[in-house]
Amino acid sequence: MPSGRVPLALLHERVNAWYATEGRAHLPWRHPDCPPWGVFLSEVMSQQTPLARVEPIWHEWMERWPTPAALAAAAPGEAVRAWGRLGYPRRALRLHEAATAMVERHDGQVPRTPEELLALPGVGAYTAAAVSCFAFGLPEVVVDTNVRRVLARTLEGKAFPHLTLNRAEARLAAASMPADRDTANTWNVAVMELGALVCVARGPRCGDCPVADLCAWNLDGRPAYDGPPRRGQAWHGTDRQVRGELLRRLRDSVTPLPVQALEGSGDDPLQVMRCLDSLVADGLVEPLPRRRYRLPA
DNA sequence: TACGCGTGGCG
DNA sequence: TCGCCAAGCGT
């Protein structure tokens with residue numbers, strides 16, 4: 001439960017002022033001339049992915065596919081190939097599908113409202129709100145992992161939020177929004193940035209924080225996290241690893257690969273074939289006659 | 001609601 | 001070293 005003791009107006013003022021001087025204004029999708037399509041791309045690419053890895057891929061995509069129509073005209077497999085090692089490659093496929101939907105339903109434009117954005121593949125509550133706000137200036141409630149952590153600490157005095165975003169937390173985020181539209185738009189990006197640069201998960205830099213003297217967690221002596229265990233993500237020997245290796249081989253080949261060239265993608269042959277089937281089912285891989293495979297044309 | 005989904009860097 | 005974490009989404 002929020003303490004109700006943190007003065008929100010002061011919180012907004014401090015965080016927004018901090019962002020004006022310390023925020024990464026050089027990020028290309030934050031440039032005033034960046035089109036909504038560039039913002040849209042950056043948001044999908046940034047899902048569960050550090051920005052440092054996103055930036056070079058973003059530049060390549062914007063040069064190659066500067067509009068939704070340009071991407072929609074390409075083969076989906078080319079989007080998967082250009083995705084490189086960004087991770088979660090289904091996002092590349094969904095971007096291609098979203099671009100197609102923009103051409104068919106939105107006159108080739110990125111839609112403006114959260115409702116329209118939510119209807120696009122690969123767009124959830126966070127991305128819809130972020131694009132509405134950052135590309136079009138609508139004061140939506142933008143809640144990502146950074147915002148959740150900052151609010152958990154400053155308002156609730158906890159080291160980390162719950163494992164999953166629940167209704168009470170969404171209410172808290174909405175209630176913590178500035179009433180003024182311009183202030184709200186800056187707040188959305190500024191509080192995210194504070195979580196990304198200062199109020200980080202491990203080793204928070206409270207000495208550099210503009211609201212350390214208001215933060216319930218800091219004022220309470222930064223008590224350790226005492227909630228349920230935060231489950232890690234298995235990797236070695238998992239389907240994820242095998243799928244990643246299969247896709248890496250297919251990305252690196254200009255021509256279709258025979259199944260023999262893919263068999264060594266894991267230690268368990270049955271697992272490799274199961275993963276290959278799952279990639280086909282996901283639309284990330286296209287099967288050809290004579291047991292050959294390629295990225296979808 | 002809980003889980004599966006890539007990849008790589010950092011403490 | 002190795003587990004944790006990163007501008008989440010779909011089922």
Side-chain angles (χ1 to χ4, degrees), chain A residues 19 23-24 27-30 38-58 80 83-95 97-98 117-135 140-150 159-170 173 188-197 199-205 225 228-251 265-266 271 274-275 278-279 281-284:
Chain A
Y19 179 75
R24 293 167 292 184
L27 291 172
W29 47 85
R30 286 182 181 166
V39 175
F40 185 87
L41 269 187
S42 79
E43 290 303 334
V44 175
M45 288 181 172
S46 299
Q47 293 166 4
Q48 295 284 284
T49 309
L51 297 196
R53 235 178 294 167
V54 167
E55 202 168 345
I57 304 292
W58 183 90
V80 175
W83 195 252
R85 301 183 69 79
L86 213 46
Y88 294 140
R90 288 189 286 202
R91 291 183 292 165
L93 224 44
R94 289 174 181 148
L95 273 173
E97 294 169 14
L117 287 159
L118 267 175
L120 298 171
V123 176
Y126 163 76
T127 302
V131 172
S132 273
C133 180
F134 303 151
E140 299 298 320
V141 184
V142 178
V143 185
D144 78 326
T145 187
N146 293 304
V147 175
R148 296 182 63 211
R149 190 173 52 251
V150 171
F160 289 100
H162 290 95
L163 268 45
T164 56
L165 177 66
N166 57 36
R167 209 169 268 107
E169 207 183 331
N188 273 334
V189 65
V191 68
M192 263 178 61
E193 188 83 332
L194 187 68
L197 298 182
C199 193
V200 294
R202 286 181 297 179
R205 300 161 42 204
Y225 175 74
R230 308 168 70 75
R231 55 185 166 74
Q233 305 168 336
W235 175 246
H236 187 74
T238 60
D239 284 4
R240 281 176 152 175
Q241 184 182 29
V242 173
R243 284 167 56 104
E245 175 61 19
L246 283 166
L247 219 46
R248 187 191 67 75
R249 295 183 183 205
L250 289 162
R251 270 199 318 266
S265 297
Q271 183 189 28
R274 185 179 70 242
C275 287
S278 75
L279 288 170
D282 287 345
L284 284 164

### Task
Under the salt bridge (charged side-chain N to carboxylate O under 4.0 Å, His left out) rule, collect the residues that match up with A:R91, sequence neighbours excluded.
none
### Query
For atom P, what is the distance between C:dT11 and B:dG6, given to the nearest Å?
14 Å
### Task
Under the side-chain hydrogen bond (donor to acceptor under 3.5 Å, both in side chains) rule, collect the residues that match up with A:R230, sequence neighbours excluded.
none
### Query
With A:S42, which residues qualify under side-chain hydrogen bond (donor to acceptor under 3.5 Å, both in side chains), at least two apart?
none
### Task
Check every nucleotide of DNA chain C for an atom under 4.0 Å from a heavy-atom of chain A, then give the first and the last such nucleotide from 5' to 3'.
C:dG3 to C:dG10
### Message
Taking side chain to side chain contact (heavy atoms under 4.5 Å, CB included) as the definition, give me every residue that meets it alongside A:S46, ordered by chain and number, with sequence neighbours left out.
### Response
A:L51, A:V54
### Task
Identify, with sequence neighbours excluded, every residue that meets salt bridge (charged side-chain N to carboxylate O under 4.0 Å, His left out) alongside A:R53.
none
### Query
So which of residues 125-134 of chain A are in contact with DNA chain C, with a heavy-atom cut-off of under 4.0 Å?
A:A125, A:Y126, A:T127
### Message
Please enumerate all residues that pass side-chain hydrogen bond (donor to acceptor under 3.5 Å, both in side chains) together with A:R148, with sequence neighbours excluded.
### Response
A:E169
### Message
Say we look at C:dA7 and B:dC10: how far apart would their P atoms be, to the nearest angstrom?
### Response
14 Å
#### Entry: For A:R94, salt bridge (charged side-chain N to carboxylate O under 4.0 Å, His left out) partners two or more places apart
none
### Task
Name the nucleic acid region contacted by A:R243, choosing base, sugar-phosphate or nothing; use a 4.0 angstrom heavy-atom cut-off, strictly under.
sugar-phosphate
### Atom P, compared across B:dC3 and C:dC4: separation rounded to whole Å
15 Å
### Message
If the condition is side-chain hydrogen bond (donor to acceptor under 3.5 Å, both in side chains), which residues does A:E43 pass it with, not counting sequence neighbours?
### Response
A:Y126
### Task
Starting from Watson-Crick (N1-N3 plus N6-O4 or O6-N4) and G-U wobble pairs under 3.5 Å, report the runs of at least three that DNA chain C belongs to.
B:2-5 with C:8-11, B:7-11 with C:2-6
### Message
Run the ring pair (Phe, Tyr, Trp, His ring centres under 6.0 Å) test against A:Y19 and tell me which residues pass, sequence neighbours left out.
### Response
none
